[in-house]
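Here the structure is laid out as structure tokens; the discussion comes afterwards.
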Amino acid sequence: MEFKTSDGRREIDAHRDGSSFIHEGVIVHTGQELWMEIDGRKHKVTATKIGDVWWVHVLGHTLQYEVIEAGAVSSDDDSGLLAPMPGKILDVLVEVGQTVSAGEALMIMEAMKMEHKIVAGNDGVVETIHYKTGDQVAQGAELLSLSD
Amino acid sequence: MLKRTLVANRGEIACRILRACREAGIEGVAIHAANDSGTLFTELADIAIQLTGEGLAETYLNQNQILEIAIENGCDSIHPGFGFLSERADFAQAVMDAGLIWVGPSPEAITKMGDKMTARITMKKAGVPVIPGEEVDGGIEEVLAVAPSVGYPLLLKATAGGGGKGMRAVHKEEDLESEAKAAMREALNAFGDDRVYVERLLTGSRHIEIQVLADKYGRTIHLGERECSVQRRHQKVFEESPSVALDAELREAMGEAACAAARAVDYEGAGTVEFLVTPTGDFFFLEMNTRIQVEHPVTEMVTGVDLVREQLRIAGGERMSCGDLNMRGHAIEVRLYAEDPANNFLPAIGQLKRFVAPTGPGVRLDTGVREGDAVTPDYDPMLAKLIVWAPSRNEALQRMGRALDEFVVLGCTTNIRFLRELCDNPDVVDGWTTTDMIERLWPDGWSPEMSGLIADAGLLIATACESTNHGKVRISTGGDMSIASPFSMINRRFP
């Protein structure tokens with residue numbers, strides 16, 4: 001079983017024994033309540049699935065694991081720049097055809113009354129700009145695209 | 001005494017004030033935008049009235065509509081909370097002109113302190129030390145002109161500002177123009193006023209503020225300090241009282257300066273005088289917040305004074321009820337934000353599918369949200385304030401760590417883990433908290449410290465949950481869980 005996490009695709013070799021799952025010294029007991037056992041000590045665990053993502057709270061850490069359907073291809077490599085949250089475009093700092101370098105600010109947007117810079121993730125040329133100053137954008141909207 | 005108070009705010013602080021009203025025997029009236037229907041604060045009110053319109057300007061900032069609701073519903077007073085209309089002198093004046101009581105200082109005091117330049121000038125006159133800097137009245141050209149005389153690094157601040165908005169640190173001259181434009185734009189959006197002023201940035205300083213209370217009978221007192229040095233993007237995240245940097249002598253000197261500042265504007269009610277304290281123990285007036293503050297609970301925990309009750313009492317024309325300052329133990333507050341600390345503290349949204357707050361001795365939670373609520377981009381991303389009290393600072397840090405470990409929030413990214421790491425951070429433990437510490441400790445951004453064991457455990461849990469469809473299948477408890485007869489339990493004793 002494979003998951004997408006903040007540090008890439010991960011899977012773990014788990015041995016199943018009834019409703020318990022074991023990996024090296026760690027045992028997870030499932031049922032109505034979730035428990036984790038390490039060295040004979042039990043720790044309460046909370047988990048809930050939202051969309052395709054398992055949100056897990058364990059020992060003070062909150063972690064996310066997105067379920068990857070078998071055979072699915074990762075879509076991480078698209079070169080579009082997405083709005084990190086809903087908000088308003090305050091300023092477009094580049095033009096189509098302009099060469100930009102990684103880290104360069106491309107747009108400024110406002111969300112939750114704070115300004116955020118949209119910066120280029122890599123060197124490239126601005127291919128398209130989808131919004132103009134004053135536009136409202138939804139979370140995940142592609143703001144502009146860069147070619148390599 | 002007040003009889004019916006309209007709370008012109010929402011969320012966590014509206015809950016705080018409405019609860020104080022209930023305790024004081026005052027009827028509480030809540031106002032709420034349509035998208036706040038059914039949230040916690042509307043339920044804590046005796047009467048909840050929905051505002052018409054959309055967006056802040058038509059709802060929580062709509063002075064006329066709020067005033068009309070207050071009058072129609074027979075309110076005798078309005079409590080503005082913090083943010084929104086709390087520091088709007090014109091609103092305070094309109095409330096008073098309508099014959100209602102404004103729970104806060106006079107419009108004159110708000111004006112003198114709200115305009116940061118006037119405040120600087122007033123404080124200089126009152127003999128309160130201010131930060132070296134230049135008041136600027138004109139636009140961008142004047143900012144560029146005075147910057148060299150102030151020197152770098154410098155801080156641009158919105159004249160009408162607060163809450164970190166319209167505030168920019170500039171370390172190099174070449175960044176000045178773009179940062180000044182950004183600060184002015186942010187200030188214009190947030191406050192409708194794009195004036196900024198230029199101040200020397202005192203690096204390595206602490207942000208320490210003094211709580212004051214003043215009643216209508218000429219009594220002005222201070223309630224000790226709060227240290228709020230741990231900030232990200234000029235917004236406080238970790239606040240405590242007392243400060244390790246103050247001894248009794250410095251506390252008394254700063255307390256006296258704070259009272260002098262309050263007296264200089266004939267202050268009434270609860271207020272906070274903010275100071276920067278340099279490593280050498282010099283202190284400078286930053287600003288006075290003419291309202292209740294987000295971090296007021298830490299003062300309440302160490303002094304035993306209920307600040308919101310005192311506000312209501314003072315506004316109602318009574319004397320404040322607290323006696324001489326008597327600080328006891330140590331209190332810490334952390335602000336839980338819906339934000340991603342591993343991604344430059346960017347605000348986050350989502351639904352709080354699980355929201356299980358810590359409890360136990362010395363733990364207080366001030367929040368306006370509940371499990372199931374949606375976190376939207378419409379309002380401030382602060383979800384809750386978690387406050388602990390313990391006999392000593394060390395025990396308070398341990399208690400905060402324990403409480404944060406217990407705190408479960410699933411469905412919306414929060415800064416809980418970041419706050420948890422702060423509790424163990426050597427600089428925090430040793431009390432070396434300064435306003436630039438987050439940038440100093442994590443110059444390339446913060447990412448969680450996580451052992452391989454936790455990473456593996458998380459993956460194993462996700463695998464186990466996905467394999468068993470955890471939470472989707474409810475196991476029936478069967479038929480033999482019938483309610484026990486009360487008579488069968490009659491002789492039960494607690495051990």
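All values below come from the heavy atoms of this structure, side chains included, with hydrogens, waters and symmetry mates left out. Within every chain, numbering begins at 1; the chains are lettered A, B, ... in the order of the sequence lines, protein sequences first and strands thereafter. Small disclaimer: the values here were computed from a predicted structure and weren't measured.
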Taking side chain as everything from C-beta outward and backbone as N, CA, C, O, which of these in [X] sits under 4.5 Å from a heavy atom of chain B? Side chain, backbone, both or neither.
{"X": "A:Asp91", "result": "side chain"}
{"X": "A:Ile12", "result": "both"}
{"X": "A:Lys117", "result": "side chain"}
{"X": "A:Val67", "result": "side chain"}
{"X": "A:Glu11", "result": "backbone"}

If you tally heavy-atom pairs under 4.5 Å against chain A, which of [options] wins?
{"options": "B:Asp340, B:Asn189, B:Leu459", "value": "B:Leu459"}
{"options": "B:Asp405, B:Leu410, B:Val409", "value": "B:Leu410"}
{"options": "B:Leu404, B:Ile454, B:Asn343, B:Ile416", "value": "B:Ile454"}
{"options": "B:Pro448, B:Gly411, B:Gly401", "value": "B:Gly411"}
{"options": "B:Gln351, B:Glu406, B:Arg185", "value": "B:Arg185"}
{"options": "B:Ala462, B:Ala455, B:Gly350", "value": "B:Ala462"}

Would you tabulate the side-chain donor-acceptor contacts of residues 40-55 of chain A under 3.5 Å, counting partners in other chains and residues two or more places apart, or write 'none'?
unit_1	atom_1	unit_2	atom_2	d
A:Lys44	NZ	A:Glu33	OE1	2.9
A:Lys49	NZ	B:Glu466	OE1	3.0
A:Trp54	NE1	B:Glu466	OE1	2.7

Sort [X] into side chain, backbone, both or neither according to what part of it lies under 4.5 angstrom from a heavy atom of chain A.
{"X": "B:Thr413", "value": "both"}
{"X": "B:Glu339", "value": "neither"}
{"X": "B:Ala342", "value": "neither"}
{"X": "B:Val356", "value": "neither"}

For a quick test of your reading: what N or O donor-acceptor pairs under 3.5 Å do the side chains of residues 16-23 of chain A make, sequence neighbours left out?
unit_1	atom_1	unit_2	atom_2	d
A:Arg16	NE	A:Gly18	O	2.9
A:Ser20	OG	A:His29	ND1	2.8
A:His23	ND1	A:Asp13	O	3.0

*So, B:Tyr337 and B:Asp380: side-chain donor and acceptor under 3.5 Å apart, yes or no?*
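No, no side-chain donor-acceptor pair sits under 3.5 Å.
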Between [Y] and [X], does any NZ, NE, NH1 or NH2 come within less than 4.0 Å of an OD or OE carboxylate oxygen?
{"X": "B:Glu186", "Y": "B:Arg168", "result": "yes"}
{"X": "B:Glu371", "Y": "B:Arg354", "result": "yes"}
{"X": "A:Asp135", "Y": "A:Lys132", "result": "yes"}

*Report the distance from atom CG of A:Leu90 to atom CE of A:Met107, rounding to the nearest 0.5 Å.*
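Rounded to the nearest 0.5 Å, the CG-CE separation comes out at 11.0 Å.
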_Gap separating the CD atom of A:Glu2 from the OG1 atom of B:Thr463, nearest 0.5 angstrom_ =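 Here the rounded value is 10.5 Å.
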*N/O donor-acceptor pair under 3.5 Å between B:Glu12 side chain and B:Gly368 backbone*: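 Judged by distance alone, no pair lies under 3.5 Å.
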*Main-chain N/O of A:Lys4 paired to A:Tyr65 side chain as donor or acceptor, under 3.5 Å*: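 Not a single qualifying donor-acceptor pair exists.
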